[in-house]
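Here the structure comes first, spelled out in structure tokens, and everything after it is commentary.
Side chains are part of it too, since the values below use all heavy atoms of this structure and drop only hydrogens, waters and symmetry mates. Quick caveat: nothing in here was measured; it's all calculated off a predicted structure. We count ligands from 1, going down the list as the structure has it; atoms in each ligand are counted the same way.
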Amino acid sequence: MAINLTIDNQPVSVEAGSTVLEAARESGVIIPTLCHMDGVSSPGSCRVCLVEIEGARTLQPACVTEAADGMKVKTNSKQARKARKLSVELMLANHPWDCNACVRNQDCELQSLAQSMGIEEVRFPYAKETNPADKSTPALVRDMDKCILCRRCIGVCQDVQGVGTLAPRSRGFETTVGVGAGDYLEEAICVQCGQCSAVCPVGAIYEQESIDQVWEALDDPEKHVVVQTAPAIRAALGECFDLEPGTRVTGRMVTALRRLGFDKVFDTNFTADLTIIEEGHEFLTRLKKALVDQDQSVKLPMFTSCSPGWINYMEYFYPQLLDNLSSCKSPQQMFGALAKTYYAQQQGVEAKDVVVVSIMPCTAKKYEAGREEMNDSGYQDVDYVLTTRELGRMINQAGIDFVNLPDSEQDSPLGISSGAADIFANTGGVMEAALRTVYEVVTGRPLPMDKLHVTPIHGLEGLKEAVLPLENCLEEWSFLEGVEAKVAVAHGLDNARKVCDMVASGEAEYHFIEIMCCPGGCIGGGGQPRLTTDEVRKARIGAIYTEDEGRPVRKSHENPAVTQIYKDFLGEPLGHKSHELLHTHYRPKGETPAETKG
Ligand code: FES
């Protein structure tokens with residue numbers, strides 16, 4: 001049912017149940033917000049969105065006030081402007097005044113609000129006790145001196161990810177955002193996805209930076225520094241330079257990385273293709289063992305394993321399902337292991353002198369690179385991980401005019417890839433890439449170009465399903481004749497929890513499940529430029545599919561560099577060398593506390 005009201009004397013009609021904020025947006029009026037974030041949280045606590053409503057005794061927060069029929073709202077009255085300004089001034093009085101030295105300088109919502117409201121001095125004395133920042137994890141830094149208690153981080157951690165690491169602690173003026181029962185993030189059950197850092201409006205939570213270490217490696221003449229870029233970076237990096245979300249910047253990104261001084265600019269897409277070969281064969285092998293050999297020890301459905309936040313989540317919350325996880329390392333880690341073995345040998349460089357830098361949309365990748373399982377090359381396979389945001393800062397530090405850069409191409413062989421690798425960037429992409437290969441391997445027939453997209457698993461629905469009927473299979477795969485492969489795709493850990501519960505209870509009938517830790521998949525990762533709304537996610541996903549569709553090679557098994565590496569180095573999929581370098585096994589992290597299991 002529609003209701004009618006006026007916003008600043010302009011009539012507007014909205015669905016019943018809409019908030020005043022939504023009605024204002026509908027009528028083209030922008031009311032400032034801070035604690036409210038669409039789809040994340042709306043605690044109504046910051047009072048930055050106060051408006052005047054005729055007949056109400058006090059100003060009301062637009063984000064949590066329901067619009068009513070006949071309501072008359074003034075968003076721009078003197079009283080409302082003054083009250084909103086006071087709310088921001090009070091926040092500034094509790095916030096360190098070190099904007100110039102803050103990692104979020106020029107990218108801070110509090111700073112922007114203060115500017116837009118014309119606040120040029122802080123009238124109230126700064127009275128907050130100062131404490132050192134928590135730098136206890138490899139992925140994230142928490143600087144609670146800068147926290148403005150908007151609670152977005154709590155909303156995303158509890159409701160979107162369903163992890164519940166962050167929660168309010170104490171009451172009134174003593175309130176802070178706590179991490180479990182301890183004082184440091186490393187003591188808490190945290191999957192390090194960084195979604196908290198992606199929604200934080202100020203500099204209270206951000207990635208553990210590795211920019212200085214990367215500069216040092218680039219300046220060292222003894223080191224051969226190679227870089228890999230995750231598929232999701234090319235659809236988001238432009239936002240660091242004010243390009244529209246969804247602008248594809250692949251060529252400019254490669255040129256920028258070369259100008260930063262990397263010896264070789266490679267692509268995580270190469271090992272995304274390799275992942276499909278290994279994971280696809282692992283899936284078919286599991287099916288064969290289960291269907292032909294009746295091997296009860298084989299676990300199905302098989303889960304994808306490329307998202308490190310998802311791996312952490314499983315280790316903490318569903319250790320009983322770890323055998324369902326593909327043994328494939330993530331593409332980032334496969335790349336590191338090959339860069340320090342295959343590539344180093346080919347290049348005639350000693351592995352100890354090769355430095356592998358990753359550009360990732362994800363803070364959990366920083367944690368993953370340091371895991372004890374990730375040194376099969378004989379060294380730490382990936383040395384440094386930078387988020388998309390850090391790469392943006394590095395490009396700015398180097399004075400590179402990113403927007404006007406010419407395009408260039410990645411180096412070979414570890415920079416050659418297919419469109420199937422591009423779509424690893426978004427939810428449903430790994431599964432679609434796998435199905436493109438599995439179908440052709442099993443049937444020996446090419447998948448028609450107009451059938452490459454598996455549309456039921458596209459989009460931002462939390463849980464998606466598809467069925468792949470296998471018919472006219474090659475003799476080797478005749479046991480699959482008539483099998484309908486059922487697949488599922490989930491993104492965001494609260495959706496992952498629902499799928500895991502179904503699998504744990506035996507209710508799920510799937511053969512293969514893709515899980516991505518972050519909402520939207522890697523395009524919505526915790527290390528991507530802020531703010532990632534659903535509109536931004538859709539724009540980035542659109543860019544990724546366009547990238548895929550423009551490729552001459554769109555299936556992983558047709559990547560010539562992947563064929564070559566099996567010939568020259570790996571032997572065969574799931575062979576001895578592959579197991580040594582490309583596969584691993586994860587262990588439970590400990591018992592799951594009942595209160596955080598969701
Ligand atoms: Fe409405 Fe914070 S944005 S109270």
Candidate list Thr65, Val12, Ile53, test side chain to side chain contact (heavy atoms under 4.5 Å, CB included), partner Val73, passing option: Ile53
From CA spacing to verdict: salt bridge (charged side-chain N to carboxylate O under 4.0 Å, His left out), Asp38, Arg25: CA-CA 12 Å; Asp38 289 341; Arg25 285 177 182 167; 3.0 Å; yes
Proximal protein heteroatoms (N, O or S) of atom 2 (Fe) of ligand 1, under 2.8 Å: Cys35 SG, Cys46 SG
Residues which pass side-chain hydrogen bond (donor to acceptor under 3.5 Å, both in side chains) with Asn76, listed by chain and number, not counting sequence neighbours: none
Residue pair His458 / Tyr545, side-chain donor-acceptor N/O under 3.5 Å: yes
Any donor-acceptor pair under 3.5 Å from Arg389 side chain to Leu386 backbone: no
Cationic N near anionic O, under 4.0 Å, Lys365 to Glu368: yes
